[in-house]
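Okay, so here's the structure we're looking at.
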Amino acid sequence: MEKAMATFDKGTVCSAWNYSASRLVTGSADGTVVVFDSLDPSSSSTSLTRTSNFKAHEAAIFKIVWVPPEYGDSIACICSDGSSSLWEEVVEDAQPLQWKLSKHFKSNSSQILDIQFGNSSSGLKMIAAFSDGNVKVYELMDPLDLKSWQLQAEFQNVIDSISTVRKAACLSASISWNPNRGERQQSSFVLAFRSDTPQLDSAKVWEFDRAHQRWLPVAELALEADKGDGVYAVAWAQNIGRPYEVIAVATQKGIAIWRLGLNPDSDGRLSTERVALLSGHNSEVWDMEWDMGGMTLASTGKDGMVRLWQSNLNGVWHQHAAFEPTS
Amino acid sequence: MPAPVSDSSPSGALVLSSSVDREVVYPIRHEVKPPIARLSISWARGNSFRVSIFKQQCGDNSAGSDDGEVGGQVLEVKIRNGDTEISAAEFRRIAYGSVSPFALLQSRKNMVLGLSKMSMGLSQFNPDGWEYIAEYSKDVSSILGNPKSLPSSAIEDPLEILKKVEEPTCLKAAWELMDVFYADKQSHWWLNERLVDWLAEYDSVLLTRQSTIHSKLFNFQKELDDLQVVEDNPSYWDVISSALAVGWQEIVVKMLRLHGSYQLDQLSNRETENGLVEAVAVLISKMPRMRPELDSGRLGECFKTKPDFTKAWEKWRSQITKLDGSAFWVYCAHVQTREGLRNMLQIILGNVESLSGATCNWMELYISQLLYVRPFTMGLESMYNLAERCMQLKKTSNTDRLMRLMIGILGESTEVVLAECSRGFGPWMVTHAMELLTEESDQVEVLLHEELHDLGGISIEELHRLVYAQVLCSHAFTWQIAPIYLTSCAKQGIGFLETLLYNQPVQHNGMLLKNLEICRLYELDGLSSNIMKIAGVYHWKHGRKAFGVFWLRKARDEVRLNKIALQLFDSVGKSISDESFKQWEGLIELLGSESKNTGGLEFLHKYRDFKKSLHQVHHKGKTTGVVQSAVDSLIALMKNPSTPQRFWLPILNDSLKLIDWHEGPLLNVEQTNLLLNKLQELSMARLRPDFVESDLTPLALSSIRLALAKNLGRAFLEG
């Protein structure tokens, strides 16, 4: 049964929960960020209390992303003017708690469409996808200071470097890090675009090659016929012991569930298998997230529904439940 | 019709309909007026998720046009499969209660497994493996509640035919059913009677659209007070024969004794009639029963071996047949009594038509057939065929979950049993009931333990346990018991547990300590230091620096600790207040000196000593010992190669008072030369591109030079 947790101000357009699902930030069309906290996370009460609000941008914030908790309580706001900013909650000297701007990212030529943070053994990495189809990887230089970032790599979301795209216009991008922690884990993420350039669109899995210090595309998650389909959202499932990874990719045709092998072949590519194509939203998919065990996928879409998807004992995927928000 | 049951659940969780029809859409009610611009979804812990609903921006953004209206809302939806009947608090009680029987059984199983691995035949050490299962089943059953008779008055109400008991739950009924078939193997020789007992206890929770015998009795009880002549009422005979059909003999006899012919004023007129009623009552109370014993107050004669029982049964049946053929019936003037009693005899004689007429659903019919038609059936032989025939006789839409479970059990299909447990009663039931099944057979063993690629390499057993653990994780009061179940999952349990623990908030110290304790218990060292790292950074960034350093040290996070040491350098050479010096000193103390990259820290420690003695000089004044130790610290600091060059000047500036000591030179020639050399080195270094200029004024540099020169001169003179 539903329980109301908080209401948002007029003009609120996005929200994001932190790692422990106890803090919520919202971003609004006028560039304001509001922070909500559940005051006692150990209690069963669900209601949230507004603890801070601040003006982060002059333009609208369309997406907020939390930085992994190993780096403090910080968020990245992606803004409609193409810039993005990192904000951090700190208490300095005798001053009260405040949200401080740590870093402002801006590109003159293109807009930032999506940002995701990945926490690897070598430190914090930030992937930013730009409207010209470029992808930039930044590394944090000092784990206690979110001001100091260094550009580590820049590439395009194409499977072979020959087919470099000169001019592209992308509407949206989605990135999902491999959520698995662990020392031996390679840094990897999946990235896709919705653009005017077919080769950029399809979801590709990128992995950091430590030996040569570069990012390599190790898999493409699209059937031959669907490679030009713009991707609305990608979500990499938590893997708590499966012999393969599971990644969901949403396009106009539905939500595809992909299995990704763990061991590369001689070309360094990972095997892929599309195990399901789930139709239900029949339109744009807004948001997708896997549950903590990586077994149930939740999605929302333009049909106004929340849908849960699960595989049965025989590996057949189906809709587990559907919810319709109604006022 | 299976329908969304979101409103009826007392648990505060939305219960997914068990229906195969997955097109059911559950409403999520919110306060945001349409149009909706976007929905955003995020999982919380366990089985709950949060939906953010954002209102579409209106074209005209004029203020005041729709004041007070919300721009969006976030809601939490908790989902649960299966049982709607149990409240959230009751579920938690059951969840907590069943932990220890489960854990005990697991440890016993592991012990047995260990012994068999050591090739010490299982039977040698564990001849009574089933006893563990039976004990487990009893323990779990007692958690599900014992039907207690409510306190009744001392004087028995002759009109009370149904004892008032606390309403049993369907969950308990299901568990007991599993217990009858799987756990209590010792009682299989009297399975029929156990099923009779089971139905007697749980007939009231069978959910069918038709009435049950229990409900018929219940309704009749209500009418009873107003009835003058019970035997004239057709429902009196109807209820009696129903109760008789399912073996509730005490109720039957009690009701028969309500018959009008027992009344003193009527006895003489209705002697024959009364004789017949009494004869039937006596015969019923003497019914032979194939069971070890009967509770006090219950009627029948118990037999423990089949031959004895068969003999007694034949004899009893012949008495019934004799009574049925008796000439006295002709003299029984009361039609209803005659018909009613003879129908009862037909039931006892196993007349299928009478049995069918007296029972309300196939389950009751099935039990009645076991009692009167096939009393000698033992074990599960051909029980399924019988059940099928009963189902044909009593065609229903068959929606009751207990009945579906029963069919699965009788069909000896483990898949169906598991599916029904899961569908009808939820993850708790299937997780705990699986333990009863594992002892069944090799085929079951394979079904439960085979690793399935499509499930990500886990077995069905593990899957169900993970699903249950996820349910436990949904609630702040139950997540702590999830590890018990997760650690019984060989493949993915630990990964799941790590995710669970990683996602606990670190702000509250009590919770943090509990988390770390669980990590320690399951030897999750990597995770534990990661959690301490998160806590360390959290406190460091939130102004509780000492706490931050404490946790970072525990996490052995060299990288961050060194960064902190570097930050502390910033205070070097700055005049700081007593208070912040103390704080700074405390932090250096906390940082410790055992860290591997001690370069920076060694300097900080030396610098702290120097600052401390300088402090004393300023406050305590001229005691030679104090002043001398300050000079020693200064020289030690300047001699040490780990002292960064950029701090030389600030340190010397700090020491101006010492160098230019008014009572005479404190530094000897050699010491003064050392310091002068350092100054020289500095001016050389200034030529290099990476030189960091200190913030000191040029004037400060001149004063240092002057003071050193003065000291050198005085030292020469003194020396």
Side-chain angles (χ1 to χ4, degrees), chain A residues 1-15 17 19-22 24 29 41-44 46 69-73 89-92 97 142-144 183 238 240-243 286-287 289 291-293 298-300 304 306 311 313-315 318-319 321-327, chain B residues 6 9 12-14 16 22 25-34 36 38-45 49-54 57 69-77 454 456-457 460 466 470 475-477 491-492 495-496 499 503-505 508 511 533-534 537 541-543 559-560 563:
Chain A
M1 207 183 298
E2 71 275 13
K3 271 186 194 156
M5 303 183 81
T7 52
F8 304 145
D9 292 342
K10 254 167 61 184
T12 305
V13 289
C14 60
S15 67
W17 287 92
Y19 75 104
S20 61
S22 57
L24 177 77
S42 61
S43 86
S44 60
T46 51
E70 289 83 351
Y71 301 87
D73 283 47
E89 187 186 71
V90 283
V91 175
E92 279 176 344
L97 180 142
D142 175 349
L144 285 173
E183 293 300 309
Q238 183 80 246
I240 51 175
R242 271 190 307 259
W286 281 330
D287 205 4
E289 196 176 279
D291 71 343
M292 64 188 291
S299 64
T300 65
V306 177
S311 148
L313 298 182
N314 302 317
H318 56 80
Q319 180 173 302
F323 305 85
E324 184 173 28
T326 49
S327 54
Chain B
S6 54
S9 161
L14 183 120
L16 296 184
R22 299 191 186 279
V25 172
Y26 303 90
I28 300 177
R29 286 184 195 91
H30 59 83
E31 299 161 21
V32 186
K33 290 206 182 115
I36 302 300
R38 203 178 171 87
L39 299 172
S40 161
I41 184 131
S42 182
W43 287 95
R45 266 167 285 155
F49 63 82
R50 277 96 183 250
V51 193
S52 292
I53 299 161
F54 304 103
Q57 304 282 306
E69 210 174 279
V70 294
Q73 196 176 24
V74 58
L75 303 115
E76 181 172 81
V77 180
D454 282 326
I460 288 186
L466 288 174
Q470 192 155 347
H475 202 283
F477 296 156
K491 288 263 168 177
Q492 300 191 352
F496 199 108
T499 310
N503 289 323
Q504 299 297 325
H508 294 258
M511 275 176 80
K533 185 185 291 183
I534 296 174
V537 173
K541 298 258 180 181
H542 284 82
V559 182
R560 284 182 178 80
K563 293 285 177 193

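Values reported hereafter were calculated over all heavy atoms of this structure, with side chains retained and with hydrogens, waters and symmetry mates removed. Letters go in sequence order (proteins before strands), and every chain restarts at 1.
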Note to self: When you compare the side chain of A/Thr12 with that of B/Phe54, does any pair of heavy atoms fall below 4.5 Å?
What the structure shows: yes
Item checked: Proximal component of B/Val51, with respect to chain A [non-hydrogen, under 4.5 Å] -> side chain
Checklist line | Check: A/Met292 and B/Gln470 side chains under 4.5 Å, non-hydrogen atoms | finding: yes
Notebook entry, point to check: For the candidates B/Gly543, B/Gly72, B/Gly495, which exhibits the highest count of non-hydrogen atom pairs separated by less than 4.5 Å from chain A?
Noted result: B/Gly72
Note to self: For the interface with chain B, which of A/Thr7, A/Val90, A/Val306 has the highest count of heavy-atom pairs at distances below 4.5 Å?
What the structure shows: A/Thr7
Next item on the list: Output all residues satisfying ring-ring contact (aromatic ring centres under 6.0 Å, His included) with A/Trp286, sequence neighbours left out; order by chain, then residue number.
Entry: none
Margin query: I need the residue from A/Ala29, A/Ser15, A/Gly72 with the largest number of non-hydrogen atom pairs under 4.5 Å to chain B.
Written below: A/Ser15
Next item on the list: Look at A/Gln238, A/Glu92, A/Glu89 and state which one has the largest set of heavy-atom pairs under 4.5 Å with chain B.
Entry: A/Glu89
Margin query: If you count heavy-atom pairs within less than 4.5 Å of chain A, which of B/Leu39, B/Val559, B/Val537 leads?
Written below: B/Leu39
Note to self: When you measure from the side chain of A/Glu289 to the backbone of B/Trp43, do you find a donor-acceptor pair of N or O atoms at a distance under 3.5 Å?
What the structure shows: yes
Notebook entry, point to check: Checking heavy atoms, do the side chain of A/Asp291, its backbone, both or neither come under 4.5 Å from chain B?
Noted result: both
Margin query: Holding to ring-ring contact (aromatic ring centres under 6.0 Å, His included), I want the full list of residues that pass it with A/Tyr71, two or more places apart in sequence or in another chain.
Written below: none
Notebook entry, point to check: Rounded to the nearest 0.5 Å, how far does OG of A/Ser327 lie from CD1 of B/Ile28?
Noted result: 12.5 Å
Next item on the list: Pick whichever of B/Gly457, B/Pro34, B/Ser42 has the most heavy-atom pairs under 4.5 Å with chain A.
Entry: B/Ser42
Notebook entry, point to check: Heavy-atom distance under 4.5 Å to chain A: side chain of B/Gln504, backbone, both or neither?
Noted result: backbone
Check: Closest heavy-atom contact between B/Asp454 and A/Ser311?
Finding: O-OG, 4.4 Å
Next item on the list: Could you tell me whether the side chain of B/Gln492 and the main chain of A/Ile240 form a donor-acceptor pair under 3.5 Å?
Entry: no
Item checked: chain A contact via B/Phe49 - side chain, backbone, both or neither, heavy atoms under 4.5 Å -> side chain
Checklist line | Straight-line distance of A/Asp287 CG to B/Arg38 CZ, nearest 0.5 Å | finding: 6.5 Å
Check: Can you tell me how far the CG atom of A/Leu24 sits from the OG atom of B/Ser52, to the nearest 0.5 Å?
Finding: 5.5 Å
Next item on the list: Taking all heavy atoms of A/Pro143 and all of B/Lys563, pick out the closest pair and write down the distance.
Entry: CD-CE, 4.0 Å
Check: Which bit of A/Leu313 comes within less than 4.5 Å of chain B, counting heavy atoms only: side chain, backbone, both or neither?
Finding: both
Notebook entry, point to check: How many angstroms lie between atom NE2 of B/His508 and atom OG of A/Ser22, to the nearest 0.5 angstrom?
Noted result: 8.0 Å
Next item on the list: State, yes or no, whether a side-chain contact exists between B/Arg29 and A/Thr326 at a heavy-atom distance under 4.5 Å.
Entry: yes
Check: Relative to chain A, which segment of B/Lys541 carries a heavy atom at a distance below 4.5 Å: side chain, backbone, both, or neither?
Finding: both
Note to self: Given 3.5 Å as the limit, does a donor-acceptor pair link the side chain of B/Arg50 with the main chain of A/Trp17, or not?
What the structure shows: no
Item checked: Distance, nearest 0.5 Å, that separates CD of A/Glu70 from NZ of B/Lys533 -> 6.5 Å
Item checked: Heavy-atom pair of closest approach, residues A/Arg242 and B/Gly456 -> CG-CA, 3.3 Å
Item checked: CD on B/Gln73 to CE on A/Met5, rounded to 0.5 Å -> 11.0 Å
